**Student:** 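Encoded as structure tokens, here's the structure I'll be asking about.
Order of the sequence lines fixes the chain letters, A, B, ..., with proteins taken first and strands second; residue numbering starts at 1 for each chain. Keep in mind that what you see is a predicted model, and the values were worked out from it rather than measured.
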Amino acid sequence: MRRTFAIPLALISVVSWQVRAIAHGVGITYQATEAIELQANYDSGEPMAEAQVSVYSPEDPSTPWLTGTADETGRFVFAPDPSIPGTWEVQVRQAGHGEILNIPVGGEAGVLGANAGASEADGESNSQIASGIGDNLSIPQKGLMAVSVIWGFVGTALFFLARKK
Amino acid sequence: MHIPDGILPASVCIAGYAIAVPVTWYSLRQINRLKDPTEELPKASLLTAAFFIASSINIPVPPSSVHLVLNGLLGCVLGYFAFPAILVGLFFQAIMFGHGGLTTLGVDAVMMGIPALVASHIFQFRHVFRQKLGEKLATNVFAFLAGALGLGLAAVIFFFLVITNIPSGFDAQTERAAVYGLSLAHLPLMLIEGTFTLLLVMFLQRVKPELIERRG
């Protein structure tokens, strides 16, 4: 059994050695960095697929520091420069719909600052910072709010209807 | 259809308020001239509720989805009450669900409210064509047109505002293509809202015709 495996393994090692010999020298290093991931959805829950994203650094709020496009699922990841602390502004836009997010980087409240190695609970609070009105509400909450407002209007209607009589 | 905060420059937002304020004043003055201004309040209040909730009703129009607006319908049934009704409805939508925004409240009110007032006048044309088409047909035709054109005009204003205010940080070509796609999706919505207005007017004619006729 052992011998039957030994021959193919030897072949593979020869092939891989050849490939390495053909390749030109490429040096790739990597470094782990903190990145910010955005998830852009319409309030219907549909992802903003391929929405345009502009990132503005705190140093220059008028010229985009980075522009890009969200993926099919409305996801966009970028790594802000940790040497520029402050509030980073991210604009997501598609067909006149969109939102501006203010993301604090560095400092105590920063995503990349003192809380960089934060627990899950802190991670949640960070993601809440980066959400707009209504995004954090559950469907029952939204439903109850809608019903309350509608009841307000119906009550107003009934009030004036009763006065008329 | 609602323009949220941060999409338009401050000057456009201020211009929106500058138009919305006198139009609200004019509408309220017209309402005050009625014999009993509170008489139509129950109807206006109920339709404000309908307007408030309509934007939560999404209609899939591939590849995107659109939501009901009902501004043409409000104009058709409420007349001058439509503008303040839309303003109140938009305010609640912005505060409760973040749909639209407070800085763009004026712009959104103008975008949906003025077409509603236009729709109200379109619906009045039924009196002109009453002889030619007959009472019932004229009412139905102009109810449909008011509902469809009210929404259509609002959509045209929306696309004009969005296309002329693309910030420099975004690729204008891509954004324009997305806006054109969305504008096409509003064509079937015009038909839906026109039909919806027609059905409501037909229903009111049968159940309580004075609700439509009073302002005739």
Side-chain angles (χ1 to χ4, degrees), chain A residues 42-46 48-56 61-69 89-102 131-137 139 141-165, chain B residues 1-8 36 38-53 55-58 60 63-65 67 85 88-89 92-99 101-102 158-159 161-163 165-171 174-183 185:
Chain A
Y42 288 109
D43 47 10
S44 59
E46 215 177 305
M48 291 178 76
E50 285 163 19
Q52 290 195 65
V53 184
S54 274
V55 181
Y56 299 86
S62 54
T63 321
W65 181 80
L66 173 78
T67 55
T69 311
E89 201 173 84
V90 182
Q91 261 195 53
V92 184
R93 183 177 170 125
Q94 188 173 49
H97 294 80
E99 198 161 67
I100 297 177
L101 298 180
N102 290 316
S131 301
I133 307 173
D135 292 352
N136 303 323
L137 299 169
I139 291 172
Q141 278 174 316
K142 277 189 180 177
L144 187 64
M145 281 159 71
V147 169
S148 313
V149 171
I150 287 172
W151 176 242
F153 288 128
V154 173
T156 311
L158 292 175
F159 173 75
F160 282 101
L161 209 61
R163 243 174 51 147
K164 208 165 75 175
K165 280 172 188 168
Chain B
M1 168 83 64
H2 300 58
I3 300 181
D5 290 329
I7 289 284
L8 296 176
D36 180 8
T38 59
E39 199 180 357
E40 294 203 21
L41 269 180
K43 192 171 72 176
S45 189
L46 287 180
L47 281 172
T48 309
F51 175 82
F52 168 74
I53 205 67
S55 74
S56 310
I57 301 169
N58 286 294
S64 60
S65 76
H67 64 77
V88 171
F92 273 91
Q93 285 170 346
I95 295 288
M96 287 284 177
F97 304 129
H99 205 160
L102 286 184
F158 172 82
F159 299 123
L161 283 172
V162 170
I163 280 187
N165 290 294
I166 300 173
S168 56
F170 292 92
D171 179 25
T174 315
E175 179 68 3
R176 233 173 267 150
V179 172
Y180 291 147
L182 192 64
S183 66

**Student:** Walk me through it: do A:F153 and B:V88 pass the test side chain to side chain contact (heavy atoms under 4.5 Å, CB included)?
**Tutor:** CA-CA 10 Å; A:F153 288 128; B:V88 171; 3.8 Å; yes
**Student:** How would you list, by chain and number, every residue that makes a side chain to side chain donor-acceptor pair (under 3.5 Å) with A:E89, sequence neighbours excluded?
**Tutor:** none
**Student:** Let me know if A:V53 has heavy atoms under 4.5 Å from chain B in its side chain, its backbone, both or neither.
**Tutor:** backbone
**Student:** Any idea which heavy atoms bring B:S45 and A:A157 closest together, and the distance?
**Tutor:** OG-N, 3.6 Å
**Student:** Answer with side chain, backbone, both or neither: which region of A:Y56 has an atom nearer than 4.5 Å to a non-hydrogen atom of chain B?
**Tutor:**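 For A:Y56, the contact with chain B is made by the side chain alone.
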**Student:** What distance do B:L41 atom CG and A:R163 atom CZ have between them, rounded to the nearest 0.5 Å?
**Tutor:** 8.5 Å
**Student:** Between atom CD of B:E175 and atom CD of A:Q52, what is the distance when rounded to the nearest 0.5 Å?
**Tutor:** 6.0 Å
**Student:** Side chains of A:I150 and B:I53: does their closest heavy-atom pair fall under 4.5 Å?
**Tutor:**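 Heavy-atom side-chain distance check passes, below 4.5 Å.
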**Student:** Identify which of B:I3, B:L46, B:L8 forms the greatest number of heavy-atom pairs closer than 4.5 Å to chain A.
**Tutor:**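 When all of B:I3, B:L46, B:L8 are compared, B:L46 has the most.
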**Student:** Among A:V154, A:T156, A:V149, which residue has the highest count of heavy-atom pairs closer than 4.5 Å to chain B?
**Tutor:**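 Looking at each option in turn, the highest pair count goes to A:V149.
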**Student:** If I measure from the heavy atoms of chain A, does B:I163 come under 4.5 Å with its side chain, its backbone, both, or neither?
**Tutor:**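 Nothing of B:I163, per the 4.5 Å heavy-atom cut-off to chain A.
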**Student:** As a quick check of understanding, evaluate side chain to side chain contact (heavy atoms under 4.5 Å, CB included) for B:I7 and A:Q91, giving each step before the final call.
**Tutor:** CA-CA 9 Å; B:I7 289 284; A:Q91 261 195 53; 5.7 Å; no
**Student:** Using non-hydrogen atoms only, which part of B:F158 is less than 4.5 Å away from chain A: side chain, backbone, both, or neither?
**Tutor:**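 Answer is side chain: those atoms of B:F158 sit under 4.5 Å from chain A.
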**Student:** What part of B:H2 lies closer than 4.5 angstrom to a heavy atom of chain A: side chain, backbone, both or neither?
**Tutor:** backbone
**Student:** Please state whether the side chain, the backbone, both or neither of A:E50 comes within less than 4.5 Å of a heavy atom of chain B.
**Tutor:** neither
**Student:** I'd like to check the side chain to side chain donor-acceptor pair (under 3.5 Å) partners of A:T67; sequence neighbours left out, ordered by chain and number.
**Tutor:** none
**Student:** What's the verdict on side chain to side chain contact (heavy atoms under 4.5 Å, CB included) for A:L161 and B:E39, showing C-alpha distance, side-chain angles and the deciding distance?
**Tutor:** CA-CA 8 Å; A:L161 209 61; B:E39 199 180 357; over 6 Å; no
**Student:** Start with the C-alpha gap between B:F97 and A:M145, add the side-chain angles, then the distance that decides, and say whether side chain to side chain contact (heavy atoms under 4.5 Å, CB included) holds.
**Tutor:** CA-CA 9 Å; B:F97 304 129; A:M145 281 159 71; 4.2 Å; yes
**Student:** If I take atom CD from residue A:Q94 and atom OG1 from residue B:T174, how far apart are they, to the nearest 0.5 angstrom?
**Tutor:**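 That separation rounds to 10.0 Å.
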